[in-house]
Amino acid sequence: LSGDIQNIADIQTEGAFDPNARFDREESNQDDIDSWIQEAGTQDDTKKKRKTMTASLKTLAPDQKTFFDDNGYLFLPGLYNEAEMEEMRTQFHDLIANTEGRSKSLRYSLMDPDPEFGIDPYNPKNVRGIMDQTLANDYWFNNFTDPRVVNVLIDLFGPNIDFHNGKVRNNPPGFVNTQSWHQDWPYERHTTPDLAAAIVYLDDTDVDQGATSVIPGSHKRGKWKTGKDSHTVAEGEVDESQTVTVQTHPGDVLFIHVQVVHTAGHNYTRQSRHKLINEYKTHETIDLWGNKCAFAGLPLARNGKIVLPQI
């Protein structure tokens with residue numbers, strides 16, 4: 001992928017992108033802006049609301065909150081430490097290697113092995129994805145209810161947070177992404193776009209190693225034009241010179257707004273790359289999608305306080 005391929009943590013430390021590398025609110029479609037700030041009413045009201053929220057942050061620094069508001073994503077390196085990742089990788093290996101005898105509510109998808117790249121012994125069945133991994137055992141329940149993650153969502157969206165859905169997305173050896181650039185919004189419509197995914201990386205990722213790429217500020221345009229009979233962004237809409245590729249290490253977490261344009265990378269290595277994706281929403285936004293995933297709408301925070309204990 002072309003564009004700015006660099007350490008995302010360095011970008012966030014610097015605090016700003018090149019103004020030409022993101023969408024200014026004034027240049028976006030006004031109808032989409034009106035939808036995006038319908039709670040606030042005006043840009044001035046939105047700024048006042050942002051100032052109020054940053055004054056009472058639980059976990060994030062004000063510049064991190066501002067970064068997410070401006071760019072639609074936030075990268076938190078090392079949210080999980082080395083010991084936690086050792087346990088997570090052990091649990092994850094059991095999840096993808098021992099698929100028999102599990103609840104039918106866990107929906108597995110497999111990828112045919114690529115003859116050139118083979119199979120990674122860590123992912124012996126070449127599992128590509130799982131829906132509702134949250135049902136697998138108590139460990140995975142505690143994973144999506146982790147107060148560290150929920151507190152970040154409180155800082156990003158406000159005091160009342162619900163769960164939305166959980167899934168696994170792996171990039172086995174030789175994986176080629178065919179989904180292209182997209183927003184999650186067309187798949188998960190609500191009355192307001194107050195949703196975000198927390199992507200936990202279990203492996204190093206880089207260009208052609210399963211990395212995620214984003215278009216900073218693309219959430220400000222609202223719903224992007226899509227291709228015919230498709231939820232992917234229409235051809236020619238994305239300027240790939242604006243791309244930022246998020247290079248990660250085990251334990252890093254990327255929070256991404258439901259309307260940010262993004263894509264997954266290919267994996268031209270012999271090592272399978274693995275990601276957990278748990279999605280969250282505000283309690284106030286109403287599901288128009290018909291979400292039947294496990295624990296959909298489960299209350300996680302009310303009035304800025306965690307309401308669900310860990311097992």
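Since the structure is predicted, the reported quantities are computational estimates derived from the model, not experimental observations.
His266 and Asn177 form no side-chain donor-acceptor contact under 3.5 Å, judged by distance and modelled atom types alone. Neither side chain, Glu237 nor Trp181, offers a donor N or O lying under 3.5 Å from an acceptor on the other. A donor atom on one side chain and an acceptor atom on the other are not found under 3.5 Å apart for Thr232 and Ser180. Counted by atom type alone, Thr285 and Asp194 present zero donor-acceptor pairs between their side chains at under 3.5 Å. Side chains of Asn278 and Asn143: a donor-acceptor N/O pair is present below 3.5 angstrom, by distance only.
Residues satisfying the side-chain hydrogen bond (donor to acceptor under 3.5 Å, both in side chains) test with Asp252, not counting sequence neighbours, are none. Listed by chain and number, the residues in a side-chain hydrogen bond (donor to acceptor under 3.5 Å, both in side chains) with Tyr201 are Thr212 (sequence neighbours excluded).
Look at Asp203 and Lys275 and you find no salt bridge, because none of the NZ, NE, NH1 or NH2 atoms lies under 4.0 Å from a carboxylate O. In summary, Asp162 and Arg302 engage in a salt bridge, as defined by a charged side-chain N under 4.0 Å from a carboxylate O.
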Open item on the list: Assess the residue pair Glu84 and Leu79 against the criterion (side-chain contact (heavy atoms from CB on, under 4.5 Å)); give the C-alpha distance rounded to whole Å, side-chain angles, the decisive distance to 0.1 Å, and a yes or no.
Closed with: CA-CA 10 Å; Glu84 289 174 313; Leu79 186 66; over 6 Å; no
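Between His190 and His164, the ring center distance clears the sub-6.0 Å criterion.
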All N/O donor-acceptor pairs, side-chain side in residues 303-311, below 3.5 Å, sequence neighbours left out:
from: Gln310; atom 1: NE2; to: Asn142; atom 2: O; distance (Å): 3.2
from: Gln310; atom 1: NE2; to: Thr145; atom 2: O; distance (Å): 3.4
from: Gln310; atom 1: NE2; to: Thr145; atom 2: OG1; distance (Å): 2.5

